[in-house]
Amino acid sequence: MATVSLNGIKKTFGKIDVIHGIDVEIEDGEFIVIVGPSGCGKSTLLRMVAGLETVTEGEIKIGGARVNDREPMDRDIAMVFQNYALYPHMSVFDNMAYGLKIAGTPKAEIAERVNEAATLLQLSDYLQRRPRELSGGQRQRVAMGRAIVRKPSVFLFDEPLSNLDAKLRVQMRLEIKQLQRRLGVTSLYVTHDQVEAMTLADRMIVMNGGRADQIGAPLEVYANPQTEFVAGFIGSPPMNFLPSEIEPDAPEGARTLGVRPEHLRIASSGTPATVVYSEALGAETLVHVTLPQGGQATVRQDAVIPLPAEGAAVHLEWNATDRFFFDAEGRRR
Amino acid sequence: MAGMVEKRGAGYWMTHLGLIIGLLFIFFPIWLAFVASTVSQPEIVKPPMPLLPGDQFFENYRKALFSGINAPVALMMLNSLVMALGIAFGKIVISLLSAFAIVYFKFPGRRLFFWLIFLTLMLPVEVRIVPTYQVVANFGMLNSYSGLILPLIASATATFLFRQFFMTVPDELAEAARVDGARPMRFFWDILLPMSRTNIAALFVILFIYGWNQYLWPLLITTDPSMNTIVMGIKQMFPSGDDIADWPVIMATSILAMIPPVIVVISMQKLFIRGLVDSEK
C-alpha cells in the first residue's frame with residue numbers, strides 16, 4: 001500500500017498557530033491513532049493529510065511522493081467522517097459507488113467492488129436503502145464501505161465512532177481493527193477516546209496543544225509516559241499526581257510524583273490518607289482518598305479486598321519502580 | 001356516538017360554522033364572476049343580477065378564447081405562461097447558482113456581493129421601473145418575451161432562501177464529495193441539486209404565481225396586443241369612453257386567468273408537503 005511521512009508539519013489559521021511542527025514516519029500497513037483532547041489539532045492534522053486543509057509549513061509524503069499541493073482525490077486516500085457524511089438522497093449502493101463513478105470505472109467493476117465491500121461489511125441486504133433508513137451502526141459501515149471500494153493506499157478516520165452508543169462503539173472498534181488487519185491498508189485514526197487509541201493503535205501519537213507529546217506503541221506509552229500530560233491522558237482512571245515532597249529521594253527538579261491507581265495499595269503503614277468514598281465496580285474497587293499534604297488520589301484494588309469505611313484513616317504504599325517524576329514544565333525526570 | 005358529540009361541544013360546531021361562513025364570503029365573488037361568464041350581456045346589465053349559471057357558457061368561453069376583445073385570450077394565456085415559466089425557471093437557476101457561489105466559494109468581496117444582492121430586496125420592480133424601462137427599451141426588447149422575463153429574473157428572495165438551505169447542509173458532505181473526486185459543479189449537480197428539490201418545488205409554485213400575476217411591467221412594455229399577458233389584458237378589455245363593456249367575455253377571461261395558478265398549486269401540493277414532512281439531512 002503506502003507509507004506516509006510528515007516532516008515538520010505546521011498549521012496557522014490567521015495569526016493562531018494550531019500545529020507547531022509534527023514529524024512522524026508511518027510504515028506501510030501501520031495503524032496509527034492520533035489521540036488528544038479537543039482543540040489539540042488532531043483533526044486539523046488529519047485533514048491536512050486528506051488535503052482538506054492547506055499545509056502552512058512542512059511536507060506530507062504519501063508513498064514517497066510529495067502531496068502538499070494535490071487535491072484530495074489525487075492523493076489516493078479515503079476518509080471516514082465523524083457524522084458519516086453519506087449523501088442523503090442516494091441509495092447505499094450509490095453512496096459507495098459515487099467515487100468510482102466519478103473516476104470513470106466501468107459499471108460492471110463498480111457493481112463487483114461495491115458488492116464485495118457490502119459482503120465484507122454485512123450490508124448486502126441494505127444496498128437499495130437510503131441512509132436515513134439505516135441504524136447508526138449501519139451508516140457507519142456504509143461510510144467505511146465507501147472508503148473501502150476505492151482501494152486507497154491510506155484510510156483516514158476522523159472520530160468515526162463518536163456518534164455511536166457505548167456498546168456499538170466497542171463492537172465497531174473491533175470490526176475496524178479486523179478490517180484494517182485484513183486489508184492491510186495504512187490507516188490514520190483520530191480520536192479523543194484513549195481506550196480506542198489503546199485498543200486500535202499499532203502506534204499512537206499523543207497530541208497536546210498542537211504538539212506530539214509522545215509517539216509510540218500503546219503499552220510503551222502507557223508504561224513509560226514522557227510527559228505529565230501523556231501520563232494523565234492515557235489510562236483510566238488517570239494517573240494520580242501528588243506533590244513530589246512525599247518522596248524523600250525525589251530527583252532534582254522534580255515537582256510532581258505520578259503513580260497509577262493500580263500501583264497504589266492500602267496498607268498498614270506508609271503515606272497517611274483519608275478515605276473520601278469508594279466505588280465498587282464489581283471486579284474491582286476504586287477508593288478515592290485525600291492526602292494531608294494536599295491532593296487526591298485513586299486506589300484501584302481487587303474487589304475481594306474489603307472496602308474501607310468512608311472517612312477512615314488509612315496508609316498508602318507503592319513500589320519505587322512504579323513512580324514517575326515530572327518537573328515544573330511537565331517533562332519526565 | 002352521543003358521547004363524542006358531547007365531547008366536541010359547541011365550540012367545535014361554532015368553529016366550523018365560522019369557517020364555512022368565511023369560505024362562502026371569500027368564494028362569493030368568484031361564483032358571481034363564474035355566473036356572469038355564463039349568461040348574456042343583457043342579463044347582466046338588467047337588475048337584479050342572476051345568481052345561477054345561464055346557458056351561454058360555451059358561447060362566451062369560445063368567444064373569449066379565440067377572438068377576445070383586443071387579442072384572443074388563448075394567445076394572452078400563452079404569453080402569460082411563457083412569462084411565468086421563464087421567470088420561475090430563470091429565478092431558480094440564477095439564485096441556485098448565486099447561492100452556491102456565495103456559500104461554497106471564498107472569493108474577495110463575498111460578503112459585499114451577498115449584501116448587494118440582499119439590498120435589491122428593498123427595490124421591487126415598481127421602484128426601479130423607469131430606469132429598467134430605459135434599459136429594456138435601449139436593448140430593443142419592448143414587445144418581446146425577453147423584455148417581459150429578463151428584468152424580473154434577478155431574485156434576492158430566492159438567493160437568500162437557497163443560501164440558508166445550503167448553509168444547513170453539513171460541510172462534511174462537500175468534503176466527502178471532494179475526497180470522492182467531485183469537482184465543484186459536479187457536487188452541485190449530483191448532490192446539492194437533488195437535495196434542494198423540495199425547496200425548488202416550493203419556490204416554483206410561489207414564483208410561477210408571482211410571474212403570472214405581473215401587471216404593471218407587462219402593461220408598460222407591451223403595446224402590441226399580441227404580446228399582452230392575461231392579467232393586464234383583462235384591464236385592457238374595459239372599453240374607454242361610452243362603449244359597452246362585454247362583461248360575459250371579461251368574466252370568462254377572469255375565470256380562465258385563475259385556472260393555471262390553481263393547477264400549479266394543486267399539482268405541486270404533494271411535493272411541497274412531502275418537502276415539509278420528511279427532512280433528509
Side-chain angles (χ1 to χ4, degrees), chain A residues 43 46-54 70-91 94-105 110 129-134 139 142-147 149-150 152 154-160 162-163, chain B residues 92 96 99-100 103-111 161-204 268 270-281:
Chain A
S43 278
L46 189 81
R47 291 164 57 82
M48 285 197 285
V49 178
L52 296 169
E53 298 281 357
T54 54
R70 285 195 201 165
E71 274 289 299
M73 67 189 103
D74 303 322
R75 294 187 179 200
D76 205 9
I77 51 124
M79 187 155 171
V80 178
F81 292 87
Q82 182 173 0
N83 66 10
Y84 322 136
L86 301 177
Y87 311 123
H89 60 288
M90 291 187 194
S91 67
D94 290 337
N95 262 287
M96 295 211 262
Y98 188 58
L100 297 176
K101 219 170 94 187
I102 291 177
T105 315
I110 294 181
R129 291 210 194 166
R130 296 286 169 86
R132 68 164 184 276
E133 297 161 332
L134 300 176
R139 285 180 207 184
V142 177
M144 293 206 296
R146 191 165 65 178
V149 292
R150 303 184 53 211
V154 183
F155 280 143
L156 305 174
F157 297 92
D158 189 4
E159 308 212 17
S162 54
N163 282 0
Chain B
I92 286 172
L96 268 171
F100 181 55
V103 175
Y104 284 97
F105 293 88
K106 292 194 181 90
F107 53 90
R110 177 162 81 144
R111 287 182 70 87
L161 193 129
F162 283 125
R163 171 186 179 262
Q164 296 308 96
F165 172 68
F166 289 168
M167 292 200 322
T168 66
V169 173
D171 286 345
E172 288 190 346
L173 221 51
E175 287 170 353
R178 214 173 137 198
V179 173
D180 267 343
R183 306 270 170 204
M185 283 321 286
R186 184 93 196 235
F187 166 70
F188 175 74
W189 195 254
D190 282 354
I191 291 154
L192 223 43
L193 209 58
M195 283 179 73
S196 344
R197 68 185 188 286
T198 48
N199 282 300
I200 293 174
L203 255 183
F204 178 80
M268 302 288 273
K270 261 191 189 149
L271 196 60
F272 191 76
I273 288 173
R274 204 172 65 197
L276 298 177
V277 173
D278 52 63
S279 74
E280 292 189 48
K281 245 170 270 155

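Keep in mind that this is a model prediction, so the values were computed, not measured.
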Q. Relative to chain A, which segment of Ala174(B) carries a heavy atom at a distance below 4.5 Å: side chain, backbone, both, or neither?
A. neither
Q. Checking heavy atoms, do the side chain of Asp171(B), its backbone, both or neither come under 4.5 Å from chain A?
A. neither
Q. Side-chain contact, heavy-atom cut-off 4.5 Å: Leu192(B) with Phe166(B)?
A. yes
Q.
Determine whether a donor-acceptor pair (N or O, by modelled atom type, separation under 3.5 Å) exists between the side chain of His89(A) and the backbone of Ser196(B).
A. no
Q. Short question: side chain of Arg178(B), backbone of Pro72(A) - any donor-acceptor pair under 3.5 Å?
A. no
Q: Against chain B, label Ile77(A) side chain, backbone, both or neither, depending on which of its atoms sit under 4.5 Å from a heavy atom there.
A: both
Q) Checking Arg146(A) against Tyr87(A): charged group under 6.0 Å from the ring centre and within 45 degrees of the axis? A) yes
Q: Would you check if the distance from the ring center of Tyr104(B) to the ring center of Phe188(B) is below 6.0 Å?
A: no
**Q.** Segment of Ala78(A) engaging chain B (4.5 angstrom heavy-atom cut-off)
**A.** backbone
(Q) Less than 4.5 Å to any heavy atom of chain B: does that hold for the side chain of Arg47(A), its backbone, both, or neither? (A) side chain
